Amino acid sequence: MNEVKFTGVSEANYDGLIGPTHNYGGLSAGNLASATNAGLIARPREAALQGLAKMKHMYDAGLVQGILPPHARPDVTQLRVMGFCGDDDTVLKTAWAVNPQLVRNMSSASCMWAANAATVSPSADCADGRLHFTPANLSTMLHRSIESEQTGRALKAAFNDPTMAVIHEALPQQSTFADEGAANHVRLCDDQGEQGVEIFVYGRDALANETSTQFPARQTLQACHIIATRHELDGERIVFAKQNPEVINAGAFHNDVVCVGARRCLFYHEHAFEDTHATLEAIRTAADGLFAPQFVEVSNDDVPINDAIKAYLFNSMLVQLPDRERLTLIAPTETEDNAYTKAYCEKLVSGNGPIGEVIFVDVRQSMRNGGGPACLRLRVVLTESERAAANQNMLISPDSYETLCKWVKSHYREELAPDDLGDPNLMHESFTALDELTKILNLGSDFYPFQRG
Ligand code: SUG
């Protein structure tokens with residue numbers, strides 16, 4: 001692996017490093033993979049190495065690759081808030097005896113899905129010329145609603161110059177403001193460093209009298225409005241689009257399960273939006289004078305919606321590689337395993353549209369919980385000076401990749417069942433591993449609650 005030299009404005013991918021408690025808890029209603037695979041034996045070591053291999057792949061392909069550290073799990077602080085007392089072992093043991101399902105929720109490694117970490121607006125879009133982040137409150141799912149504070153801490157560790165980056169507080173933990181971050185946000189632009197169009201996709205208007213979906217609609221219009229305002233975005237260059245309730249009920253719990261965009265291109269399933277015509281018109285209007293959007297719509301005849309959701313065609317990373325003219329789709333191997341999506345990918349690259357290549361990556365351990373290549377990463381467009389000011393230890397380099405693989409191999413279990421989560425030894429192993437990680441990533445010695453005492 002050779003050292004890559006980066007210049008100019010770049011779109012970095014910050015991936016969630018998969019944590020030592022990766023398991024299949026079946027915690028996410030409406031996420032079909034999570035429900036189907038509940039109770040399976042997970043392979044945390046393999047999972048983390050798959051995630052790191054994807055990061056290495058992106059770095060080797062010439063993209064800036066960052067790392068967001070796992071959160072400390074089980075979340076003993078939360079268990080204490082819930083009334084369990086004593087030292088960490090006693091808290092865990094009593095909570096497990098009383099309510100193992102609560103402990104499973106407090107033990108999920110779900111922060112690996114960094115697309116849900118925050119909504120990010122590049123400095124080129126924001127009136128104050130700074131990079132803005134709003135950590136997602138993830139209020140819909142118990143196991144994810146405990147992520148935002150530590151995510152804010154991680155983002156501050158990564159982008160610690162307030163003259164360049166603003167890390168906002170998460171929105172209030174109330175269902176009116178339910179927010180799932182960048183998984184429901186798409187940015188289109190001409191060149192990365194120029195102003196773009198930000199598309200906020202929501203599942204429900206919490207202040208309207210709407211019929212609720214069978215599965216939870218995790219993003220509200222109200223959350224989108226607040227984030228756009230906080231990030232000081234130009235009102236003419238934003239679009240609010242509603243998810244199709246039928247695709248939420250079919251298992252598209254986030255918009256990034258049926259849609260992905262990059263540069264001028266929006267790649268989406270014909271059933272992704274409630275009103276496709278109005279959404280495309282709004283994007284055209286918002287982009288007027290900046291660039292001409294390119295729409296790649298996948299018909300239900302080519303890829304039936306249930307296959308799109310199962311094979312995660314759209315939960316791919318759509319990236320501009322430095323040595324390619326057209327965009328590259330980094331898709332999960334499951335997309336290659338499905339006859340419809342495989343055939344569609346072949347057709348896609350043989351045409352002369354904006355997407356010229358599809359590369360398949362193996363993130364099967366994450367996929368079994370409904371997290372594809374795109375779920376695992378948070379996109380952050382960085383100018384040269386923003387990149388230079390960022391925490392360099394949180395960026396993948398040939399050396400850090402090797403160090404992190406060694407770290408995983410020496411600390412992670414091969415196998416983990418949801419019933420192992422009550423084991424205090426797992427907690428000790430995890431905290432020891434994370435303590436060491438704070439040194440590798442230069443996070444400081446008070447990054448995790450267990451380090452603060
Ligand atoms: O929030 N799965 C995650 C998957 C998130 C995928 N992210 C994006 N689409 N961007 C979720 O549903 C399952 C955990 C479990 O069941 O143990 C889980 O949380």
Side-chain angles (χ1 to χ4, degrees), residues 13-16 18-19 21-44 47 51 68 70-71 73-74 100-120 136-148 151 178-186 201 203 215-219 243 247-248 251-261 272 308-318 331-332 334 363-379 416-421:
N13 289 296
Y14 276 77
D15 276 45
I18 298 177
T21 61
H22 160 65
N23 76 98
Y24 299 117
L27 303 176
S28 274
N31 169 342
L32 303 182
S34 153
T36 312
N37 295 313
L40 283 190
I41 306 290
R43 302 183 63 79
L68 291 174
H71 298 183
R73 294 291 180 266
Q101 189 59 6
L102 191 62
V103 176
R104 287 189 201 105
N105 274 277
M106 296 301 115
S107 302
S108 174
S110 52
C111 72
M112 71 174 81
W113 299 297
N116 304 119
T119 305
V120 188
N137 62 22
L138 295 163
S139 64
T140 306
M141 296 290 158
L142 172 61
H143 67 292
R144 305 216 61 183
S145 66
I146 56 175
E147 291 177 26
S148 62
T151 296
D179 172 28
E180 300 268 324
N184 295 315
H185 176 250
V186 182
V201 186
F215 288 140
R218 298 199 204 175
Q219 182 86 29
Q243 275 176 287
V247 304
I248 296 178
F253 54 97
H254 290 136
N255 175 62
D256 69 1
V257 173
V258 285
C259 170
V260 59
I309 292 172
K310 205 162 154 227
Y312 259 39
L313 168 66
F314 298 96
N315 202 257
S316 300
M317 300 165 67
L318 191 55
E334 285 77 353
V363 287
R364 284 186 194 275
Q365 283 289 315
S366 165
M367 278 289 287
R368 283 188 196 133
N369 256 333
C375 295
L376 286 162
R377 63 90 177 95
L378 182 68
R379 297 194 270 192
L416 199 66
D419 276 349
D420 297 333
L421 297 169

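Quick caveat: nothing in here was measured; it's all calculated off a predicted structure. Numbers here simply count residues along the sequence, with the first being 1. Whatever order the structure lists ligands and atoms in, that order sets their numbers, starting from 1.
In terms of polar-atom proximity, defined here as any N/O pair under 3.5 Å, Y24 makes no such contact with ligand 1. Considering backbone and side-chain N/O of S108, none are found under 3.5 Å from N/O of ligand 1. Residue D256 has at least one nitrogen or oxygen atom sitting less than 3.5 Å from a nitrogen or oxygen atom of ligand 1, judged on distance alone. Where the criterion is an N or O separation shorter than 3.5 Å, residue side chain and backbone included, S28 meets it with respect to ligand 1. Considering backbone and side-chain atoms alike, A115 places every N or O at 3.5 Å or more from each N or O of ligand 1. Here's the thing with G370: none of its N/O atoms is less than 3.5 angstrom from an N/O atom of ligand 1.
Of the protein's heavy atoms, C375 SG, 2.7 Å lies nearest to atom 8 (C) of ligand 1. The closest protein non-hydrogen atom to atom 2 (N) of ligand 1 is N369 O, 3.0 Å. Looking at atom 19 (O) of ligand 1, its nearest protein heavy atom turns out to be H143 NE2, 2.7 Å. Closest to atom 17 (O) of ligand 1, if we only count protein heavy atoms, is G25 N, 3.0 Å.
Close contacts of ligand 1 with N31, meaning ligand atoms under 4.0 Å from a residue heavy atom, involve 2 (N), 3 (C), 4 (C), 11 (C), 12 (O). Within ligand 1, the atoms closer than 4.0 Å to a non-hydrogen atom of S34 are 13 (C), 15 (C), 16 (O), numbered from 1 in the order shown. For ligand 1, the atoms lying closer than 4.0 Å to a non-hydrogen atom of G26 are 15 (C), 16 (O), 17 (O). Taking every heavy atom of A183 and a limit of under 4.0 angstrom, the matching atoms of ligand 1 come to 10 (N).
At a threshold of 4.5 Å between non-hydrogen side-chain atoms, the residues L27 and M141 do not count as touching. Residues L32 and K310 are not in side-chain contact: their nearest non-hydrogen atoms beyond the backbone lie 4.5 Å or more apart. Counting heavy atoms from C-beta on, the side chains of V186 and N255 come closer than 4.5 Å. A heavy-atom distance below 4.5 Å is found between the side chains of P332 and P373. Contact annotation: the side chain of Q365 approaches that of Y24 to within less than 4.5 Å [non-hydrogen atoms, C-beta and beyond].
Considering every non-hydrogen atom in both A42 and H22, the closest pair reads CB-O, 3.4 Å.
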Evaluation steps, side chain to side chain contact (heavy atoms under 4.5 Å, CB included), between R73 and I146: CA-CA 11 Å; R73 294 291 180 266; I146 56 175; 3.5 Å; yes
Carefully, step by step, assess I18 and L376 under the rule side chain to side chain contact (heavy atoms under 4.5 Å, CB included). CA-CA 9 Å; I18 298 177; L376 286 162; 4.2 Å; yes
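Summarising the geometry, atom CG belonging to N369 is positioned 7.5 Å from atom OG belonging to S28; distances are rounded to the nearest 0.5 Å.
Taking only non-hydrogen atoms, the option from E180, E147, R218, M141 nearest to atom 1 (O) of ligand 1 is R218.
A donor-acceptor pair under 3.5 Å is formed between the side chain of N315 and the backbone N or O of C375.
For the ligand labelled ligand 1, residue N23 lies inside the 4.0 Å heavy-atom shell.
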